[in-house]
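Here is the structure we will look at.
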Amino acid sequence: MDREVRVRFAPSPTGALHIGGVRTALYNYLLAKKLGGKMLLRIEDTDQNRFVPGAEEYIIESLKWVGIGIDEGIEQGGPHAPYRQSERKDIYREHALRLLNEGKAYYAFDTPEELEAMRERLKAAKVDNPQYNSITRLQMKNSLTLPEAEVNERINAGEPYVIRLKVPRKEEVRLNDLIRGWVMVHSSTIDDKVLMKSDGMPTYHLANVVDDHLMEITHVIRGEEWLPSAPLHVLLYRFLGWEDTMPQFAHLPLLLKPDGNGKLSKREADTLGFPIFPLNWNGIDHKTGEQVFSQGYREAGYLPEALINFLAFLGWNPGTQQELFTMNELVEAFTIEKVGKAGVKFDINKAKWYNQQYIRIKTDEELATNYLLPILKEKNIDCSPEKAAKISSIMKERITFPSELWSEVTYLFDRPESYDETVVQAKWTSEAVRVIADFKQALQGLSSILKADTAKDTLHTVLEKQGVKIGKVMQALRLAITGVGAGPDLMQIMEILGKEETTTRLGNALDKLQDRAK
RNA sequence: GGCCCGUUAGUGCAGCGGUUAUCACGCCUCCCUUUCACGGAGGAAACACGGGUUCGAGUCCCGUACGGGCUACCA
């Protein structure tokens, strides 16, 4: 029974794609590629109340950005189209009816109020887990308790109804999870789940099982929140006669809050100051109805390869000591058995570290054209590609986000207006002033272009002549040129600034700070 | 409450019956250096607890505690 490996990522378009969803998609993708299989994207839009316009496009764009390729889905089509569940209603209905005819499901007419009353009644009677099941269904309004004639009458009259699964009273349901091993659940703890809602849409459970079977899915990799209902799904496969081709299940540990307890939420991410969505998202809050904006990882300056590497290591580890993996290397190294079982606390620091690593392996030109130049253009600052590459070169080992290519060295584009007071007080000495004055003169006497090497030689000549050690003046010199006390190599900065600009700045500093020397 | 899943340093992990318990992030110290970073060398820091099984347990079993998930005509 050698089937082609087929996995799916099946999000609901109820809003932006959560970062945990990206990880789930990633693990699916890695497994598919590792095993030479296919990755499908299926949109599970069966809840009409929670449907959010734009969410589907957002999901697609997010996956593209991080580099998770889809083989079959709404964009690329495929042999099992449509890949949007709302367009497959007839298929689900057909299967629900089949279960009905075979006595494995039944119609139920109970109103929400009646269901609520039933739960209240059971709670009052100290029942641990109030549910619609093999016992309680006998007291409810359904095709098991009502005469057939009445059932038909109600349906023909257009009365709302749902179709429920007739879960057996006493049965052990087992499933062998790829990550957790055997999980056993007694059918008495599973209730008679609704399969078809009164609006004609299937619930997740039915649609999921039907589609996974029809789409020939071999591995279901999803979040741990689905583990409790997995036995129900096993039951559905059995009732539909599909048990021999039932996919293998793997339930991923959840992403938890960095501190405290609970699963990672948007609210928590907001207060801790890191993104929860891959891309910027403009949406409306379901509860308040207000317009809300969330910054995405992309816009916050995270590189997709860094995000992927970080996410891959949240709950998975290759067992070696390699930390940096390209997508292809991840594919190569991935095994589902190496996925951990415990919930994972989300630590944004590690993501930042990965970002640094990936920035550093980019070429100066890449950094310049993809990040620095666009920023400068937006700020209306003129800069040659060569100069931008040079700046990238001296900055890339010092930054976490590409935006810092500019923000950390704004003095390369604007002359300092003021000087860091603490540095002035500590380092602006009369000795330094003498050296800077001489250095300025020497620089002016230089012919043509200023290179870092010549700047250094020139400085040393002055230093030697005056008998001053370099350590005594460097900070002051840096202050004069940049206005601040720290930054990349000063000689490189002078080269970038050029002779004219450097000497002008030295003159300015000498002027402005002339009374401050100690 | 009930059901299910889990528990190695602050965080992410390695370990798959016998190790001085691995590596990385973060933190601290020192070195390098014109500063800050980078880099290098060190350091502090963990098997939740209690019972078993075994010559031997972080590794297997049971219990407790703690954490998480589910408990909808949401996914």
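Each chain gets a letter, A, B and so on, in the order its sequence line appears, and its residues count up from 1.
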Any chance you could lay out the side-chain hydrogen bond (donor to acceptor under 3.5 Å, both in side chains) test for D457(A) and T454(A), step after step, and finish with the verdict? CA-CA 5 Å; D457(A) 291 344; T454(A) 50; over 6 Å; no
Euclidean distance, atom [atom1] of residue [X] to atom [atom2] of [N] [Å, nearest integer]:
X	N	atom1	atom2	answer
I190(A)	U71(B)	CD1	C1'	12 Å
E225(A)	A72(B)	CD	P	16 Å
H205(A)	A72(B)	NE2	C1'	10 Å
N133(A)	C3(B)	CG	C1'	13 Å
D259(A)	G26(B)	CG	C1'	15 Å
L232(A)	A75(B)	CG	P	13 Å
M140(A)	A72(B)	CE	C1'	14 Å
E404(A)	C38(B)	CD	C1'	14 Å

Classify the ring geometry of [X] against [Y]: parallel below 30°, tilted from 30° to 60°, perpendicular beyond 60°.
X	Y	result
Y107(A)	Y161(A)	perpendicular
W226(A)	Y204(A)	parallel
F334(A)	Y27(A)	tilted
F325(A)	W316(A)	perpendicular

Could you tell me whether the side chain of S198(A) has a donor or acceptor atom within less than 3.5 Å of a complementary atom in the base of C73(B)?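 A donor-acceptor contact between them is present.
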Does [N] have its OP1 or OP2 closer than 4.0 Å to a side-chain nitrogen or oxygen of [X]?
X	N	value
R360(A)	G39(B)	yes
K263(A)	G6(B)	no
R50(A)	A75(B)	no
K341(A)	C13(B)	no
K338(A)	A14(B)	no

Testing R42(A), R8(A), R84(A) one by one against D211(A) for a salt bridge (Lys or Arg N to Asp or Glu O under 4.0 Å), which residue passes?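 The residue from R42(A), R8(A), R84(A) that satisfies salt bridge (Lys or Arg N to Asp or Glu O under 4.0 Å) with D211(A) turns out to be R42(A).
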Quick one: which of [options] gets closest to the side chain of [X]?
X	options	value
M474(A)	C23(B), U34(B), G10(B)	U34(B)
T46(A)	C13(B), A75(B), A72(B)	A75(B)
N129(A)	U71(B), G12(B), C73(B)	U71(B)
R180(A)	G6(B), U34(B), G68(B)	G6(B)
P228(A)	G69(B), C73(B), G1(B)	G69(B)
V183(A)	C25(B), U7(B), C5(B)	C5(B)
R164(A)	U35(B), C3(B), C73(B)	C73(B)

If each of P488(A) and L314(A) is mapped to the nucleotide of RNA chain B with the nearest heavy atom, which maps nearer the 5' terminus, i.e. the 5' end?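 That would be L314(A).
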Which sits closer to the 5' end of RNA chain B, L254(A) or E224(A), going by the nucleotide each is nearest to?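 Its nearest nucleotide being more 5', the pick is E224(A).
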Rounding to an integer number of angstrom, what distance separates [N] and [M] when you compare their [atom1] atoms?
N	M	atom1	value
C16(B)	U11(B)	P	23 Å
G12(B)	A46(B)	P	16 Å
U22(B)	U8(B)	C1'	11 Å
C55(B)	C28(B)	P	49 Å
G18(B)	U59(B)	C1'	11 Å
C74(B)	U19(B)	C1'	49 Å
A9(B)	C70(B)	C1'	31 Å
A72(B)	C62(B)	P	30 Å

Using a 3.5 Å distance criterion without hydrogens, assess whether the side chain of R50(A) forms a donor-acceptor pair with backbone atoms of T14(A).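 Checking the backbone N and O of T14(A) against the side chain of R50(A), no donor-acceptor pair under 3.5 Å is found.
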Do S265(A) side-chain atoms and E268(A) backbone N/O form a donor-acceptor pair below 3.5 Å?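 Judged by distance alone, yes, a pair lies under 3.5 Å.
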Is the centre of the F310(A) ring less than 6.0 Å from the centre of the Y302(A) ring?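 Not close enough - the centres of the two rings lie 6.0 Å or further apart.
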Please determine whether a side-chain nitrogen of the Lys or Arg among R88(A) and E44(A) lies less than 4.0 Å from a carboxylate oxygen of the Asp or Glu.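 No.
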Could you tell me which non-hydrogen atom of Y83(A) sits nearest to which non-hydrogen atom of L41(A), and how far apart they are?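 It is CB-O, 3.7 Å.
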G301(A) to N355(A) - nearest heavy-atom pair and separation: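 Looking at all heavy atoms of both residues, the closest pair is O-ND2, 2.9 Å.
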So what does the secondary structure string of RNA chain B come out as, 5' to 3', with Watson-Crick or wobble pairs under 3.5 angstrom, [ ] for crossing and | for pairs with another strand? ((((((((.[[[..)..(....]]].(((((.......)))))....[[[[[..)....]]]]])))))))....
Strand-adjacent residues in residues 425-439 of chain A, judged by heavy atoms under 4.0 Å from RNA chain B: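 None - not one residue of the stretch has a heavy atom sitting under 4.0 Å from the strand.
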